[in-house]
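The structure appears below as structure tokens.
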Amino acid sequence: MNVYKINDIAQLIRGNSYVGRGIVIGKSKDGKNAVSAYFIMGRSANSRNRVFTEKDGVLFTEPFDASKVEDPSLIIYAAQRKFENKLIVTNGDQTDTIYEGLKNGKCFKCSLKEREFEPDAPNFTPRISGILEFSDNDFSYEMSILKSADENGTACNRYTFSYTALNGLGHFIHTYVCDGNPLPTFQGEPERVEIPDNIDEFTNSLWDALDSENRISLYVRYTNLETGKEDNRLINLNK
């Protein structure tokens, strides 16, 4: 087994009907861009009734049809926002927890200590989070997963992964292994994936690989490390 293998993310996802919500962070192959991506999938009508929107530089999940919202608590949140030289991306309202923690001098890991997995028994969906910290025309990044210690939600296990950004390498973490009842939680370290130079190539490959019945929205950002210019792609199934 080659532990240093870098996978094609499309090959990891294609044929898997439900990996849930996913975060990818890494550096483009040419070393010019910091890359982040976030996608959501949904099985229930409530989960599928969502779109991504951008407001004042913050990425939000919002209802597509507000009249059909059943429970907004776990599906409506700020998914990505910036604080100073840091970019936060998560699968829930812990985005704001991290943001407020940073404002108060806490680190990424410390900010998440007050949070745990989602209270959606029997799935106990993990909270997955990432942060990119930019400095000197480069960046480093961390990823986190907060997951239930057992099938009863008795306790929360917390895992944080810290990375040096390397050309062409990214890390991919998602909430579930695959579909199921209850849904099996993601296991192990974030998966090593290729990060191409072209944002459209990466966006289209990722979107096309997601199950067409369950994919909802995808947002990809390439940040030029020299100029700070941001190039974004947003895809919503609901239009």
Side-chain angles (χ1 to χ4, degrees), residues 19-26 34 36-42 46-47 50-63 69 71-134 139-149 153-163 170-176 183 185-191 216-221:
V19 293
R21 285 165 274 174
I23 296 171
V24 185
I25 301 175
S36 64
Y38 178 55
F39 67 79
I40 58 175
M41 305 180 76
N46 191 48
S47 291
R50 289 182 287 175
V51 291
F52 282 169
T53 61
E54 287 183 273
K55 296 180 182 179
D56 299 323
V58 181
L59 178 70
F60 291 93
T61 64
E62 291 190 343
V69 175
D71 178 8
S73 62
L74 296 177
I75 66 167
I76 308 301
Y77 52 87
Q80 180 174 284
R81 65 186 306 181
K82 296 171 70 174
F83 175 76
E84 295 180 346
N85 64 327
K86 301 174 180 66
L87 177 65
I88 307 161
V89 54
T90 89
N91 74 327
D93 62 9
Q94 72 268 25
T95 302
D96 294 332
T97 303
I98 297 166
Y99 181 85
E100 292 300 323
L102 295 174
K103 282 177 62 177
N104 292 314
K106 294 182 180 179
C107 67
F108 174 69
K109 181 178 180 180
C110 295
S111 298
L112 285 166
K113 282 186 177 179
E114 61 187 79
R115 303 305 301 270
E116 59 178 29
F117 50 86
E118 296 180 1
D120 60 339
N123 296 315
F124 299 115
T125 298
R127 291 190 186 273
I128 55 173
S129 308
I131 189 167
L132 298 79
E133 181 170 358
F134 297 89
F139 74 107
S140 59
Y141 58 102
E142 295 179 86
M143 305 182 89
S144 164
I145 182 167
L146 312 179
K147 53 193 289 187
S148 179
T154 303
C156 180
N157 289 342
R158 304 166 183 277
Y159 305 88
T160 304
F161 306 90
S162 300
Y163 299 105
H171 289 87
F172 172 40
I173 192 167
H174 41 102
T175 51
Y176 311 122
L183 289 158
T185 297
F186 179 88
Q187 303 291 320
E189 296 182 20
E191 296 164 307
I216 304 298
S217 297
L218 168 65
Y219 185 86
V220 177
R221 171 172 291 178

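Treat the numbers as computed from the prediction; the structure is a model and nothing was measured.
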Task: Over all atoms of both residues, closest heavy-atom pair of Ser47 and Gly42 - done: CB-CA, 3.8 Å
- [ ] Locate the shortest heavy-atom distance separating Gly22 from Phe172; write the atom from each residue and the value.
- [x] CA-CE1, 4.2 Å
TODO: Would you please test Thr185 and Phe124 for side-chain contact (heavy atoms from CB on, under 4.5 Å) and show each step?
DONE: CA-CA 8 Å; Thr185 297; Phe124 299 115; 6.0 Å; no
Open item on the list: When you compare the side chains of Ser129 and Thr90, does any donor N or O come within less than 3.5 Å of an acceptor on the partner?
Closed with: no
- [ ] Kindly compute the distance separating CD1 (Ile216) from CZ (Phe39), expressed to the nearest 0.5 Å.
- [x] 12.0 Å
- [ ] Any chance you could measure Thr97, atom OG1, to Leu112, atom CG, to the nearest 0.5 Å?
- [x] 7.5 Å
Task: Polar side-chain atom of Ser217 near backbone of Ile40 as donor-acceptor pair, under 3.5 Å - done: no
Task: Considering all heavy atoms, the nearest Phe134-Ala34 contact - done: CE2-CB, 3.5 Å
Open item on the list: Between Lys55 and Phe60 (side chain of the first, backbone of the second, donor and acceptor by atom type, cut-off under 3.5 Å), is there such a pair?
Closed with: no
TODO: May I ask you to test the Ile76-Val69 pair for a side-chain heavy-atom distance under 4.5 Å?
DONE: no
Open item on the list: Taking atom CD as the centre, does Glu100 end up with more than 12 heavy-atom neighbours from other residues, nucleotides or ligands that are less than 6.0 angstrom away?
Closed with: yes
Open item on the list: So Asn85 and Glu133, do their side chains get closer than 4.5 Å, heavy atoms only?
Closed with: yes
TODO: Can you measure from OG1 (Thr160) to CZ (Phe108) and round to the nearest 0.5 angstrom?
DONE: 6.5 Å
Open item on the list: I'd like to know if the side chain of Arg158 reaches the main chain of Lys113, judged simply by a donor and an acceptor atom lying under 3.5 Å from each other, with no hydrogens or angles considered.
Closed with: yes
Open item on the list: If you define the side chain from C-beta out and look only at heavy atoms, does anything of Tyr38 sit under 4.5 Å from Ile23?
Closed with: yes
Task: Atom pair CD1/CD of Ile98 and Glu114 - distance to nearest 0.5 Å - done: 10.0 Å
Open item on the list: Looking only at the side chains, is there a donor atom on one of Tyr176 and Thr125 sitting less than 3.5 Å from an acceptor on the other?
Closed with: yes
- [ ] Would you mind reporting whether Arg127 and Glu116 have side-chain heavy atoms less than 4.5 Å apart?
- [x] no
Open item on the list: Rounded to the nearest 0.5 Å, what separates atom CG in Leu132 from atom OG in Ser36?
Closed with: 6.0 Å
Open item on the list: When you compare the side chains of His174 and Glu191, does any donor N or O come within less than 3.5 Å of an acceptor on the partner?
Closed with: yes
Open item on the list: Any heavy-atom pair between the side chains of Arg221 and Leu87 that's under 4.5 Å?
Closed with: yes
Open item on the list: Tell me the closest heavy-atom pair linking Leu146 and Cys156, and the distance in Å.
Closed with: CB-SG, 3.9 Å
TODO: Taking the six-membered ring for Trp and the single ring otherwise, decide whether the centroids of Tyr141 and Tyr163 are under 6.0 Å apart.
DONE: yes
Open item on the list: For Ala78 versus Val58, what's the shortest heavy-atom pair and its separation?
Closed with: CB-CG1, 3.9 Å
Open item on the list: On a heavy-atom basis, which atom in Asn91 and which in Pro126 lie closest, and how many Å separate them?
Closed with: ND2-O, 3.0 Å
Task: Nearest-0.5 Å distance that lies between atom OH in Tyr159 and atom CD1 in Ile173 - done: 11.0 Å
Task: Met143 side chain reached by Ile128 side chain, heavy atoms, under 4.5 Å - done: no
Task: Passing option when Asp96 is tested against Arg115, Arg81, Lys103 for salt bridge (charged side-chain N to carboxylate O under 4.0 Å, His left out) - done: Arg81
Task: Note, His171 side chain near Phe161 side chain (heavy atom, < 4.5 Å) - done: no
Task: Donor-acceptor contact below 3.5 Å, side chain Thr61 vs main chain Tyr77 - done: yes
Task: Lys86 atom NZ, neighbour heavy-atom count above 12 within 6.0 Å - done: yes
